[in-house]
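Here, residue 1 is the first one in the sequence, and each next residue gets the next number.
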Amino acid sequence: MASLRYYLLFDHVKIHNANAISSPLTYGFPAISGFLGAIHALSRKIESENPIYLDGVLIACHECDVQVYRPNNYADYTFRLTRNPLSKNGSTRSIIEEGRVHLDVSLLVEVKIEDRETLDDADEQQAFIQQMKQKLYQQRVAGGHVVDIESVALYSASGSNKNLINALLPAFVLVEAPQDLQDITAELQQQDPNATALDALIETAMLHHNPQEDGHWQTTSVKQDRGWLVPLHLGYQAISPLFAAGKVEHARSNEHATQFVECIYGLGKWVFPLRLQKNLSQAFWRYQCSQLQSNDAEIYIINQETN
């Protein structure tokens with residue numbers, strides 16, 4: 001059975017035109033599945049005599065430049081869209097709205113191996129690092145192109161977390177915040193017993209401006225004193241049976257089974273890496289598939305161990 005032996009750090013990965021529309025309700029930073037999917041694809045491409053697997057992913061963001069525009073401070077943001085080439089008859093092609101974001105992120109990845117002697121040699125480690133760097137350049141991450149990787153390094157999992165945390169600075173790490181979601185939901189239910197967790201997620205995106213007696217305005221938010229909270233798209237829940245390959249018309253692929261799903265949402269928080277010194281292992285995102293909820297619906301979800 002494979003065990004955790006190393007951490008692979010992709011430091012300052014610059015991604016151009018990543019997908020900023022992470023779900024039907026959220027936009028900005030790409031969906032977590034975009035990063036886990038890229039690392040999963042990278043894991044399948046590893047060339048090694050002995051099995052090597054890439055598992056959990058820690059996401060640290062250094063810069064996030066969403067490609068949006070608004071003419072003034074009171075207008076809504078709109079995406080900056082590309083102008084497509086004219087059609088053959090000279091008419092303007094229809095515009096397909098797409099959200100784009102330029103990113104500077106660091107990805108810390110768990111490296112699991114079966115043979116304890118794998119990657120023990122310094123030359124073997126260096127060859128593995130170069131292979132991973134080259135292959136990451138050759139694929140997309142969250143729908144965007146990798147234009148630069150500052151460095152790639154391999155750290156022993158048995159060593160101190162201090163070196164890993166220092167390597168991530170300065171950045172903010174994305175972690176799950178289920179307790180904050182429960183607390184905000186409970187606060188809303190004190191005012192409205194019918195309030196749900198979805199109302200709590202929407203509330204985190206709202207600012208309340210309240211007039212004061214002295215002619216000033218007071219701005220409040222449920223995020224106050226709770227940190228940098230953000231709604232997250234965490235996976236999918238099945239809303240239909242699993243159809244056999246080729247049974248659904250106009251499916252993306254007729255070679256695989258098809259199932260209709262809806263999004264699963266949660267609450268996340270951006271934290272400074274220094275706050276993770278005692279629980280760095282809990283900041284890694286992982287897949288959990290084929291679980292059954294109380295309504296017997298299968299779910300495909302991405303979460304962390306506990307937080």
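Within the structure, salt bridge (Lys or Arg N to Asp or Glu O under 4.0 Å) pairs that include any residue of residues 137-164 do not occur (at least two apart or interchain). Sequence neighbours left out, the pairs with a member in residues 166-208 that pass ring-ring contact (aromatic ring centres under 6.0 Å, His included) are Phe172-Trp228, Phe172-Phe272.
Leu107 contributes atom CG, which lies 6.5 Å from atom CD1 of Ile15 (distance to the nearest 0.5 angstrom).
In Phe243, the CZ atom is crowded: over 12 heavy atoms of neighbouring residues, nucleotides or ligands sit closer than 6.0 Å. Crowding of Glu49 atom CD: a count of heavy atoms from other residues, nucleotides or ligands under 6.0 Å not exceeding 12. Within 6.0 Å of NZ on Lys14 lie no more than 12 heavy atoms contributed by other residues, nucleotides or ligands. Open room surrounds NZ on Lys247; 12 or fewer heavy atoms of other groups in view lie less than 6.0 Å from it.
In terms of heavy atoms, Ala18 sits closest to Leu103 at CB-CD1, 4.0 Å.
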For the pair Glu176 and Gln304, evaluate side chain to side chain donor-acceptor pair (under 3.5 Å) and give the outcome as yes or no after the intermediate values. CA-CA 7 Å; Glu176 198 173 4; Gln304 298 169 335; over 6 Å; no
List the steps and the verdict of side chain to side chain donor-acceptor pair (under 3.5 Å) for Gln182 and Asp180. CA-CA 5 Å; Gln182 294 176 16; Asp180 289 294; over 6 Å; no
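Leu234 and Leu229 fall into different hydrophobic clusters, defined by Ile, Leu, Val, Met, Phe, Trp and Tyr side-chain heavy atoms under 4.5 Å apart, directly or through other members.
In this structure, the side chain of Thr185 engages the main chain of Leu181 through a donor-acceptor pair within 3.5 Å.
Centroid-to-centroid, the aromatic rings of Phe284 and Tyr7 come within less than 6.0 Å.
Ring geometry, His12 versus His62: the interplanar angle falls under 30°, so the pair is classed parallel (tilted spans 30 to 60°).
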